[in-house]
Asker: 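Take a look at this one; I'll ask things after.
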Amino acid sequence: MDLGKLMGMFGFDADDARKLTEDPQIQNMMQNPEVQAIMQNPNLTDIFSQASQLVAQGGIMPDDVERMTENLGGMDGLMSQMSDLFGGMGFDEMDLDEEAAAYEPEPVDAGDRAFVIELKAWLKDVLTDIPAADVCMLGIGYHLGYDDAQAPHGDLWLSYHTAQTNAENGAISVEHWNFCNWTNNHFRSIDDEPLTEWRESQGYDLQEDDEDMTERIYDLAAVAVMELHRDRFTEQRFGRKVPFIIEDFEYNQKTAIRAVKANGGKELFDKEFFAACGFEADINEA
């Protein structure tokens, strides 16, 4: 199986694929006999072949995924194979404490600082309007969206979860850190004006710079959260310190790093959260 073709199927352009496949760490990984054996698994090869054809024809539907992964034991089997494949790339060796200590988000200019001030004012206003008193989690997320006329726009929102809903989810074994299971996972969005002013001041293109811009927005959101916690705002509003998660609907290791830094440590999170973010090695320390 050609790794470059595999990357192309998932949307990488040719230059990105070439750069990654030429990386010494990737090349060393691909020489590992265990990785080679996984790459040549007939079932896995067949899945990517079918997926490539479906992408070319217009997209993959849920029924297609179930059918393609049947020989591997469903999606759990596929994810196990992919975990084995990419486990040697060093992602599982990241230390959460070290990464959180090294992560120092801060405004780099007056435009950033003005945006942090806007974020804090907006967060205070929205948090004051949350109707539930038993809030136990807060979330800040951003994504690129499109309106009815297919014009692009950035959407930065705040969500919240309550202790009651969290307990109800736990009674039926629903992942309580998953945004999809929150009481309200898209409570209110910030006005377009401050977001647009900041984006233009930084020279970001709404679509072409989406990934870099999102990470910068999350860095500044982390700064705003740290300053709100410094002022003990959630304690004053809800009677206790409430944790913020800064991420879209899919968690990753950077989600946990930001959460630990922005909220002043691990104590507001449990092992399931760190596991959901990909820090299996740290879950027993939470």
Side-chain angles (χ1 to χ4, degrees), residues 96 100 103 105 115-116 118-145 153-170 174-191 194-195 210-211 213-231 233-235 237-279 286:
L96 176 56
Y103 175 54
F115 188 50
V116 169
E118 290 277 2
L119 277 176
K120 288 173 58 182
W122 171 68
L123 287 169
K124 288 180 177 180
D125 180 62
V126 177
L127 293 174
T128 300
D129 284 345
I130 290 178
D134 63 334
V135 170
C136 62
M137 307 177 204
L138 297 162
I140 299 173
Y142 171 85
H143 71 244
L144 177 65
H153 67 91
D155 189 16
L156 176 64
W157 75 90
L158 184 128
S159 54
Y160 69 87
H161 199 19
T162 62
Q164 178 180 347
T165 305
N166 190 37
E168 292 170 353
N169 287 343
V174 175
E175 296 177 347
H176 69 144
W177 288 107
N178 190 322
F179 267 144
C180 296
N181 302 314
W182 283 32
T183 307
N184 193 315
N185 63 18
H186 199 139
F187 177 54
R188 188 175 301 171
S189 299
I190 195 172
D191 292 337
L195 188 59
D210 180 53
E211 185 174 343
M213 185 174 67
T214 300
E215 286 301 307
R216 184 82 171 278
I217 289 172
Y218 287 165
D219 286 345
L220 297 180
V223 174
V225 169
M226 286 190 288
E227 294 183 3
L228 287 178
H229 280 322
R230 182 195 63 197
D231 297 337
F233 185 81
T234 60
E235 287 94 330
R237 171 65 181 90
F238 303 110
R240 62 201 168 279
K241 186 176 182 180
V242 181
F244 284 80
I245 299 172
I246 304 170
E247 188 58 70
D248 200 336
F249 297 113
E250 295 291 335
Y251 295 161
N252 54 61
Q253 290 183 318
K254 189 63 178 289
T255 312
I257 294 167
R258 275 193 297 263
V260 171
K261 174 65 73 172
N263 294 281
K266 294 181 181 179
E267 65 272 10
L268 295 176
F269 304 93
D270 60 25
K271 63 182 181 180
E272 285 82 8
F273 171 71
F274 295 115
C277 293
F279 277 107

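Just the heavy atoms: all of them, side chains too, but no hydrogens, waters or symmetry mates, feed the values below.
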Asker: Would you give the length of the straight line joining atom CG of Leu96 to atom NZ of Lys266, rounded to the nearest 0.5 angstrom?
Answerer: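 Between atom CG of Leu96 and atom NZ of Lys266 there are 5.0 Å.
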
Asker: With rounding to the nearest 0.5 Å, note down the distance linking CD1 in Ile190 to CG in Leu123.
Answerer: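 It is 7.5 Å, given to the nearest 0.5 Å.
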
Asker: Ignoring hydrogens, what is the shortest heavy-atom contact between Ala132 and Thr162? Give both atom names and the distance.
Answerer: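 Closest approach of Ala132 to Thr162, heavy atoms only: CB-CG2, 3.6 Å.
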
Asker: Which atom pair, heavy atoms only, marks the closest approach of Phe238 to Val242?
Answerer: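 Nearest heavy atoms, Phe238 then Val242: CD1-CG2, 3.9 Å.
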
Asker: Can you list everything that forms a side-chain contact (heavy atoms from CB on, under 4.5 Å) with Asn184? Sequence neighbours excluded, please.
Answerer: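 Here the qualifying residues are Tyr160, Phe187.
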
Asker: Decide yes or no on side-chain contact (heavy atoms from CB on, under 4.5 Å) for Leu195 and Phe115, but give the supporting numbers first.
Answerer: CA-CA 8 Å; Leu195 188 59; Phe115 188 50; 3.6 Å; yes

Asker: Can you give the donor-acceptor pairs under 3.5 Å from side chains of residues 213-222 to other protein atoms, not counting sequence neighbours?
Answerer:
unit_1: Thr214; atom_1: OG1; unit_2: Asp210; atom_2: O; d: 2.7
unit_1: Glu215; atom_1: OE1; unit_2: Lys254; atom_2: NZ; d: 3.4
unit_1: Glu215; atom_1: OE1; unit_2: Arg258; atom_2: NH1; d: 3.3
unit_1: Arg216; atom_1: NE; unit_2: Asp112; atom_2: OD2; d: 3.2
unit_1: Arg216; atom_1: NH1; unit_2: Tyr204; atom_2: OH; d: 3.1
unit_1: Arg216; atom_1: NH2; unit_2: Asp112; atom_2: OD1; d: 3.1
unit_1: Arg216; atom_1: NH2; unit_2: Asp112; atom_2: OD2; d: 2.5
unit_1: Arg216; atom_1: NH2; unit_2: Gln202; atom_2: OE1; d: 3.1
unit_1: Tyr218; atom_1: OH; unit_2: Tyr142; atom_2: N; d: 3.0
unit_1: Tyr218; atom_1: OH; unit_2: Tyr142; atom_2: O; d: 3.2
unit_1: Tyr218; atom_1: OH; unit_2: Asp248; atom_2: N; d: 3.1
unit_1: Asp219; atom_1: OD1; unit_2: Tyr103; atom_2: OH; d: 2.5

Asker: Passes side-chain contact (heavy atoms from CB on, under 4.5 Å), Leu138 versus Thr234? Steps please.
Answerer: CA-CA 10 Å; Leu138 297 162; Thr234 60; 4.3 Å; yes

Asker: Going by side-chain hydrogen bond (donor to acceptor under 3.5 Å, both in side chains), name the pairs with one or both residues in residues 126-136, residues two or more places apart or in two chains.
Answerer: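 Residue pairs with at least one partner in residues 126-136: Asp129-Arg188.
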
Asker: Please assess Phe279 against Val260 for the test side-chain contact (heavy atoms from CB on, under 4.5 Å), listing each intermediate value before the final yes or no.
Answerer: CA-CA 12 Å; Phe279 277 107; Val260 171; over 6 Å; no

Asker: What distance separates Thr165 OG1 from Met137 CE, expressed to the nearest 0.5 Å?
Answerer: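 Thr165 OG1 to Met137 CE: 10.0 Å, rounded to 0.5 Å.
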
Asker: Taking atom types as modelled, find out whether Thr183 and His161 have a side-chain donor-acceptor pair closer than 3.5 angstrom.
Answerer: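 Judged by distance alone, the side chains do pair up.
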
Asker: Check each of Phe269, Tyr251, Phe274 against Trp177 using the ring pair (Phe, Tyr, Trp, His ring centres under 6.0 Å) test, and report the only one that passes.
Answerer: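 The option that passes is Phe269.
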
Asker: State the CD-CG distance between Glu247 and Asn252, to the nearest 0.5 angstrom.
Answerer: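 One finds 4.5 Å between CD of Glu247 and CG of Asn252.
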
Asker: Once you round to the nearest 0.5 Å, how far does CD of Gln164 lie from SG of Cys136?
Answerer: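 Reported value, rounded in 0.5 Å steps: 11.0 Å.
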
Asker: Have Asp191 and Trp122 got a donor and an acceptor in their side chains that come within less than 3.5 Å?
Answerer: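 No.
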
Asker: Heavy-atom count check: over 12 atoms from other residues, nucleotides or ligands less than 6.0 Å from Glu175 CD?
Answerer: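 No, the 6.0 Å shell around CD holds no more than 12 heavy atoms from other groups.
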
Asker: If you apply the rule side-chain contact (heavy atoms from CB on, under 4.5 Å), what do you find for Ile246 with Thr255, and how did you get there?
Answerer: CA-CA 6 Å; Ile246 304 170; Thr255 312; over 6 Å; no

Asker: Please work out which of the three classes, parallel, tilted or perpendicular, describes the rings of Trp157 and His186, given edges at 30° and 60°.
Answerer: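 Parallel: the ring planes of His186 and Trp157 meet at under 30°.
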
Asker: Tell me if the aromatic rings of Phe244 and His229 count as close, with their centers under 6.0 Å from one another.
Answerer: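 Close enough - the centres of the two rings lie under 6.0 Å apart.
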
Asker: Is it true that the side chains of His176 and Asn169 contain a donor and an acceptor less than 3.5 Å apart?
Answerer: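 On atom types as modelled, these side chains do not qualify, holding no pair under 3.5 Å.
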
